[in-house]
Amino acid sequence: MKLVVMYPRPRDIEAFEQIYDDEHVPMAIAKLAGKTKMVGTRILGLLQGVPPFHRIAEVHFPSMEVLEACAASEDGKQTIAHAVSISSGGAPTILVAEEETLGIDERK
């Protein structure tokens with residue numbers, strides 16, 4: 001299970017990146033109990049046009065119960081509220097997802 005946060009393009013990319021790196025990531029590392037992995041992705045572009053999202057953050061959990069407990073905790077609520085507060089391009093889209101690993105034949 002994972003929590004996926006998709007941040008829209010911020011009004012000021014440099015300012016967003018500084019707050020994201022200096023405040024939000026350390027907060028998420030410290031406060032999101034039960035996580036097993038965190039992955040950050042910076043969107044560089046679309047094949048055509050301007051991408052609607054600037055960053056996608058994934059926080060992995062061993063089960064839905066652990067994810068839900070984290071999100072319901074005071075630290076989880078504070079971290080989610082902080083994610084919303086730093087998203088200057090509009091509210092982030094926050095999803096709960098289940099990851100699937102697709103097989104790739106490595107013999108080719």
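Throughout, residue positions are numbered sequentially from 1 according to the sequence presented.
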Colleague: Between Thr36 and Pro62 (side chain of the first, backbone of the second, donor and acceptor by atom type, cut-off under 3.5 Å), is there such a pair?
Modeller: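 The answer is no, because no donor-acceptor pair under 3.5 Å joins these two groups.
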Colleague: Please answer: with hydrophobic residues joined when any side-chain heavy atoms are less than 4.5 Å apart, are Ile19 and Val5 in the same cluster?
Modeller: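 Ile19 clusters together with Val5.
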Colleague: Kindly work out whether a path of hydrophobic side-chain contacts (I/L/V/M/F/W/Y, heavy atoms less than 4.5 Å apart) joins Val25 to Phe53.
Modeller: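 Different clusters.
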Colleague: Return the minimal non-hydrogen interatomic distance between Pro10 and His54, and the atom names on each side.
Modeller: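 Looking at all heavy atoms of both residues, the closest pair is CD-CB, 3.5 Å.
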Colleague: What orientation do His24 and Tyr7 show, parallel under 30°, tilted 30 to 60°, or perpendicular over 60°?
Modeller: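 The rings of His24 and Tyr7 stand perpendicular, inter-plane angle above 60°.
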Colleague: Test side chain to side chain contact (heavy atoms under 4.5 Å, CB included) on Ile43 and Met6 and set out the steps.
Modeller: CA-CA 10 Å; Ile43 308 303; Met6 299 169 40; over 6 Å; no
Colleague: Any link between Val4 and Phe16 through a network of hydrophobic side chains (Ile, Leu, Val, Met, Phe, Trp, Tyr) touching at under 4.5 Å?
Modeller: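 Different clusters: Val4 never reaches Phe16 through Ile, Leu, Val, Met, Phe, Trp or Tyr contacts under 4.5 Å.
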Colleague: Flag yes if Met27 and Leu3 sit in one hydrophobic cluster, no otherwise; membership is Ile, Leu, Val, Met, Phe, Trp, Tyr, and two members link when side-chain heavy atoms are under 4.5 Å apart.
Modeller: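 No: no chain of side-chain contacts under 4.5 Å links Met27 to Leu3.
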Colleague: Distance check, rounded to the nearest 0.5 Å: Ser87 atom OG versus Arg11 atom CZ?
Modeller: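 Nearest 0.5 Å value for the OG-CZ distance: 9.0 Å.
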Colleague: CZ/Arg55 to CD1/Ile13 distance, rounded to the nearest 0.5 angstrom?
Modeller: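 CD1 of Ile13 is found 10.5 Å from CZ of Arg55.
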Colleague: Roughly how far apart are Ile80 CD1 and Cys70 SG, rounded to 0.5 Å?
Modeller: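 One finds 7.0 Å between CD1 of Ile80 and SG of Cys70.
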Colleague: Heavy atoms, side chains only, cut-off 4.5 Å: are Val96 and Glu68 in contact?
Modeller: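 Not touching, per the 4.5 Å side-chain cut-off.
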Colleague: Above 12 or not: heavy atoms from other molecules or residues under 6.0 Å from CD of Glu98?
Modeller: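 No - once you tally the heavy atoms of other residues, nucleotides and ligands closer than 6.0 Å, there are 12 at most.
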Colleague: Measure the shortest side-chain to side-chain distance between Pro52 and Leu46 over non-hydrogen atoms and say whether it is less than 4.5 angstrom.
Modeller: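 Yes, at least one pair of side-chain atoms sits under 4.5 Å.
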Colleague: Locate the shortest heavy-atom distance separating Leu32 from Gly76; write the atom from each residue and the value.
Modeller: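 Answer, listing the atom of Leu32 first, then Gly76: CD2-CA, 4.0 Å.
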Colleague: To the nearest 0.5 Å, tell me how far Ser88 OG sits from Arg9 CZ.
Modeller: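 Answer rounded to 0.5 Å: 10.5 Å.
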Colleague: Are Ile29 and Val66 connected into the same hydrophobic cluster when the rule is that any two of I, L, V, M, F, W, Y join if their side-chain heavy atoms are below 4.5 Å apart?
Modeller: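 Val66 clusters together with Ile29.
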Colleague: Supply the atom-to-atom distance His60 NE2 to Met1 CE, rounded to the nearest 0.5 angstrom.
Modeller: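 Output value for this atom pair is 12.0 Å.
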Colleague: Check the surroundings of atom CD in Gln18: do more than 12 heavy atoms from other residues, nucleotides or ligands lie under 6.0 Å from it?
Modeller: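 Counting other residues, nucleotides and ligands, CD of Gln18 stays at 12 neighbours or fewer.
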Colleague: Please report the closest heavy-atom contact between Lys2 and Glu99, naming both atoms and the distance.
Modeller: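 Residues Lys2 and Glu99, closest heavy atoms: NZ-OE1, 2.9 Å.
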Colleague: Compare every heavy atom of Pro8 with every heavy atom of Ala91, then report the nearest pair and how far apart it is.
Modeller: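 Where Ala91 meets Pro8 most closely, the heavy atoms are O-CG, 3.7 Å.
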Colleague: Using 0.5 Å steps for rounding, measure from the CZ atom of Phe61 to the NZ atom of Lys35.
Modeller: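 Going from CZ on Phe61 over to NZ on Lys35, the span is 7.5 Å.
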Colleague: Quick one: closest heavy-atom pair of Gly45 and Pro51, and the distance?
Modeller: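 Nearest heavy atoms, Gly45 then Pro51: CA-CG, 3.9 Å.
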